[in-house]
Participant: 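Sharing a structure, written as structure tokens. Questions coming.
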Amino acid sequence: LGDTCTRGCMFCAVKTSQTPPPPDPFEPFKTADAVTKWGVDYIVLTSVDRDDIEDGGAAHFAHTVELLKHKNQDLLVECLVSDFRGDLDSVGTLARSGLDVYAHNVETVERLQKFVRD
């Protein structure tokens, strides 16, 4: 989904923009090819937030998981993803992709952030 996030969290050093470039449609294929060449048995995929995409990038992520599993059915895939703005259809798209672990960063309110996050 690229290297530019649509959110501007203060604790994060990732580039931000409300209008990042569109996702590379070949990224899922490139990712699957690279991971297969590495020969690992467990991979964690993570992502920037893409609030500019209707499903938050869920289909793009799910396609990546499906390609990884097609290339190596024994590969364990963990996805550390955004909250998809609470869109349960997007959550379901990724949850049904064949991944092994669905993970999400837990955020907190600003007054507690320095105690639990920073």
Participant: Which atom pair, heavy atoms only, marks the closest approach of S47 to L1?
Facilitator: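 Scanning both residues, the minimum pair turns out to be OG-CD1, 3.3 Å.
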Participant: Output the distance between atom CG (D24) and atom OG1 (T31), rounded to the nearest 0.5 Å.
Facilitator: 8.5 Å
Participant: To check you understand the geometry: which heavy-atom pair defines the closest contact between T4 and R50, and what is its length?
Facilitator: O-CD, 3.7 Å
Participant: Can you name the one residue among D55, D51, D49 that meets side-chain contact (heavy atoms from CB on, under 4.5 Å) with I53?
Facilitator: D55
Participant: Indicate, with yes or no, if F61 and F29 share a hydrophobic cluster defined by side-chain heavy-atom contacts under 4.5 Å among Ile, Leu, Val, Met, Phe, Trp and Tyr.
Facilitator: no
Participant: Is the shortest side-chain N to carboxylate O distance from R7 to D83 below 4.0 Å?
Facilitator: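 Looking at R7 and D83, the cut-off is met.
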Participant: Does a salt bridge link K71 with D33, judged by any charged N lying under 4.0 Å from a carboxylate O?
Facilitator: yes
Participant: Is it the case that one hydrophobic cluster holds both V48 and F26, taking links as side-chain heavy atoms less than 4.5 Å apart, direct or via other members?
Facilitator: no
Participant: If every non-hydrogen atom of H60 is compared with every non-hydrogen atom of P23, which pair is closest and at what distance?
Facilitator: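 In terms of heavy atoms, the two residues are closest at CE1-CB, 3.9 Å.
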Participant: Is there side-chain contact between D52 and P20, with at least one heavy-atom pair below 4.5 Å?
Facilitator: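 Yes; the side chains approach each other to less than 4.5 Å.
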Participant: Is there a donor-acceptor contact under 3.5 Å from the side chain of H104 to the main chain of V81?
Facilitator: yes
Participant: Considering all heavy atoms of both residues, which atom of F84 and which atom of G56 are nearest to each other, and what is their separation?
Facilitator: CE2-O, 3.6 Å
Participant: What's the separation between atom CZ in R96 and atom CD in E66, rounded to the nearest 0.5 Å?
Facilitator: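 One finds 10.5 Å between CZ of R96 and CD of E66.
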Participant: Side-chain contact, heavy-atom cut-off 4.5 Å: L94 with S97?
Facilitator: yes
Participant: For a side-chain contact (heavy atoms from CB on, under 4.5 Å) check, start with the C-alpha distance between V77 and V101, then their side-chain angles and the critical distance, and finish with the verdict.
Facilitator: CA-CA 6 Å; V77 180; V101 178; over 6 Å; no
Participant: Among the clusters formed by ILVMFWY side chains lying less than 4.5 Å apart, do L45 and V91 turn up in the same one?
Facilitator: yes
Participant: I'd like to know if K69 and D100 make a salt bridge, using a cut-off of under 4.0 Å between side-chain N and carboxylate O.
Facilitator: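 Salt bridge flag = yes for D100 with K69.
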Participant: Do D87 and R85 meet the salt-bridge criterion of a basic N to acidic O distance under 4.0 Å?
Facilitator: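 Judged by the 4.0 Å cut-off on N to carboxylate O distance, R85 and D87 do not form a salt bridge.
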Participant: Could you check whether any side-chain heavy atom of E78 comes within less than 4.5 Å of a side-chain heavy atom of I43, counting everything from C-beta outward?
Facilitator: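 No, side chains not in contact.
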Participant: Return the minimal non-hydrogen interatomic distance between L67 and A32, and the atom names on each side.
Facilitator: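 Between these two residues, the closest heavy atoms are CB-CB, 3.8 Å.
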Participant: Does the pair V40 and L75 meet the rule for a side-chain contact (heavy atoms from CB on, under 4.5 Å), with working shown?
Facilitator: CA-CA 8 Å; V40 298; L75 177 68; 4.3 Å; yes
Participant: To the closest 0.5 Å, what do you measure between OG1 (T36) and CG (L68)?
Facilitator: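 One finds 6.5 Å between OG1 of T36 and CG of L68.
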Participant: Would V65 and C79 count as a side-chain contact (heavy atoms from CB on, under 4.5 Å) here? Give the steps.
Facilitator: CA-CA 9 Å; V65 173; C79 294; 3.5 Å; yes
